[in-house]
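Residue numbering restarts at 1 for every chain, and letters A, B, ... go by the order of the sequence lines. Hydrogens, waters and symmetry mates play no part in the numbers below; they use all other heavy atoms, side chains included.
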2 protein chains.
Amino acid sequence: MFFPPRAFVHSTLARSASATRTTAVCLVACRRSRLFTSSAARADRALVYAENGDPAKVLTVLTYPTISAPPPNSVNVKFLLAPINPADINVIEGVYPSKPTKTDALAIAGLGSEGKPVFVGGNEGVALVTAVGSGVKDLRVNDLVVMTKPQTGTWSTSKNVAITDVVKIPDAEQLSEVQCATITVNPATAYNMLTNFVELHEGDWVIQNGANSAVGQAVIQIAASRGLKTINLVRNRDNLDQLKNSLHSLGATQVLTYDELAEKSAREKVKSWTQGKQISLGLNCVGGKETTLMAKFLGSNAHLVSYGAMSKQPLSLPTSLFIFKNLTAHGFWQTQWYNEKSPAEREILMGNIVNLMVQKKLKTPEHEVVTVEAEDSDDQATEKMRAVMSKLAEGRFGKKVLLKIEDTE
Amino acid sequence: MFFPPRAFVHSTLARSASATRTTAVCLVACRRSRLFTSSAARADRALVYAENGDPAKVLTVLTYPTISAPPPNSVNVKFLLAPINPADINVIEGVYPSKPTKTDALAIAGLGSEGKPVFVGGNEGVALVTAVGSGVKDLRVNDLVVMTKPQTGTWSTSKNVAITDVVKIPDAEQLSEVQCATITVNPATAYNMLTNFVELHEGDWVIQNGANSAVGQAVIQIAASRGLKTINLVRNRDNLDQLKNSLHSLGATQVLTYDELAEKSAREKVKSWTQGKQISLGLNCVGGKETTLMAKFLGSNAHLVSYGAMSKQPLSLPTSLFIFKNLTAHGFWQTQWYNEKSPAEREILMGNIVNLMVQKKLKTPEHEVVTVEAEDSDDQATEKMRAVMSKLAEGRFGKKVLLKIEDTE
């Protein structure tokens, strides 16, 4: 695989960008615009990078011609909306274990021999099926799908994908576009962690830290839908009451700060809530001393499942918890789950999550959509997206950020 | 349960000690002496304590009259030899989660109303069946048995035990008394850790720290008997080559110090040994940074089983190992295993370990026997045993210490 020198990539982009500028038409994205009608050759766009590095420096918006008709057992899709998840940043930086493959599809699609393979960003997102290859039975044009193959490159418009790498969203018409775009990672992680490690019954207790994270909020809601009780740990902050109210409104049974959990009275407090029932599942996305503290509230034979390390501190636990309380510590990685499971199992998971969304038991996460507008040149769009990445790196959004790339036709 | 004041206990002991002194006869313990022949009333002795504390201060040798005939479904046993394990010290200190029950049997047995309940020390040991209650089918007088109920109080001579709390040692005549006395804790722990967490096949690799511990040595031997390869980690020391040779002679495939494992070249070294095969099981009795280091040598989907924390440092692991390498961390506690398993399962375990011993695949551990001699008064014996406890606390034995209480008849 060849890594093109930076200068080369930029000159290529500059050229294609100027071509785009002359044809750009602004389209306002809306639910109705989902419907795909075949048209003459269109230009597509993607957020790509040729080398790992700071997303605010290496990400580039690239225009490429429309892709060819789908080969057998594949479909062409058009991404409508794709989250920019924290892990996506790590992938671009090259520090995430899930490595995308460089695609030469963009080069093949018409950039000529100068068009060297690049990485296309994005792991999650909702797409519209725009063309169906021969042999495809279960998908039709205008179906909405999500990717179950990691690192598919969802920060793009048109793309050809194997049918084994996508799942059709059931009852998609009952969901918002944001819900469709955010099914596969956060709610799936929450659902699986609540299901795969401990057999929980109505009235059982779960404790989690980072409870205000996207996964944390999904945990609260999915647990509540099953009649499970949750103790939710969050950092202290100025608007703590507001946050507590917000988590309670999602279904949180109890919300505590790490400081409150560290107080001497916490043990009695938790005991009175649980009425002495042992807490058998702990979910951790923080690590460090906050997790050490949380683990001490777990009962005998409990399971502690880690899916993140926001504190950047290791998971540090007294050995006695393992030996004498028979604690088991696991990790959970939704990407690995998809790798290991059959298409049928993935569909069941999607179905379960969509069902919760349709029943309003899993709400649309707070979000903000950033748009690559049709009238922006690739250079302008690149500048805009790099600014978004800088803002993300500084943690200045405070909500889920999703990317919409408008059609240029 | 009443805790007698210290002074009271001592006066009781002093009295019974003087009674003993007049009848004490020195018996030399030997294999032949195992055979039990019913005799007239004998005095028995035990190492007891009335309150938790420093064993060198609270342990007391107490003489008590021979126990009564066994009730139905129980047997009377006479302990021949009992280890003084590190955990026994923690039990006496009151810092171990496995709490013995105070026994009033010694009081009942003839000490009169002044004889208040005391704890009898000792968890492991080999005993001879001396009398059989009605309804007992599988045990006979002169059978050798081990205790599978924790904290039975093996630092005593005669004792009545329920048949569900003991297992007969098969082929005991082929084993040394020390082997019989040390079956239930260390080899059982090693055996179960190598069996219950990962399905290992001949040629698979296991890594362990604290490899020179009693369990570590059993792991080396049991692994070798199954054709498993071991990487064994030990502390640096003056006589390192001697230790390495000694572990190799037990069957260790590789022996490294923690410092050697921390060297840059270690990864390549381990890779060449394992020929790229992933290490799927790690055994830990150390904790702290030595274990963090060891865990990084484990492969994907590996299991790390902790059974001790000699460094007194917590188990601290990068969360990424859990999430991206799917590490699972467990604890193992043989006491809990016995609690959960049926008598049939316990017998199978004993049979497997004895089989290894009979086949010379599991050697008698290096050891030293300390003896409560028949001619010692209780006061003299108390002084002697407290000195042993001090020496143990200072780590001045460096090998397994076993207690023999000679007959006083």
Which answer fits A:Pro318, side chain, backbone, both or neither, if we ask what part of it has an atom under 4.5 Å from a heavy atom of chain B? backbone

Quick check on A:Leu315 against chain B: is it the side chain, the backbone, both or neither that has a heavy atom closer than 4.5 Å? both

Has A:Lys277 got more than 12 heavy atoms of other residues, nucleotides or ligands less than 6.0 Å from its NZ? yes

Is A:Thr319 close to B:Ser306 at the side-chain level, that is, under 4.5 Å between some pair of heavy atoms? yes

Nearest 0.5 Å, please: how far is CH2 in A:Trp337 from CG in B:Asn326? 14.5 Å

Heavy-atom pair with the smallest gap, counting every atom of B:Ile323 and A:Trp333: O-CB, 3.4 Å

Determine whether the aromatic ring centres of B:Tyr96 and A:Phe324 lie less than 6.0 Å apart. yes

Take atom NZ in A:Lys99; do more than 12 heavy atoms of anything else shown fall under 6.0 Å from it? yes

Could you tell me the separation between the NZ atom of A:Lys325 and the CD atom of B:Gln336, rounded to the nearest 0.5 Å? 13.0 Å

How about B:Glu199: does its CD atom have over 12 heavy atoms from other parts shown lying under 6.0 Å from it? no

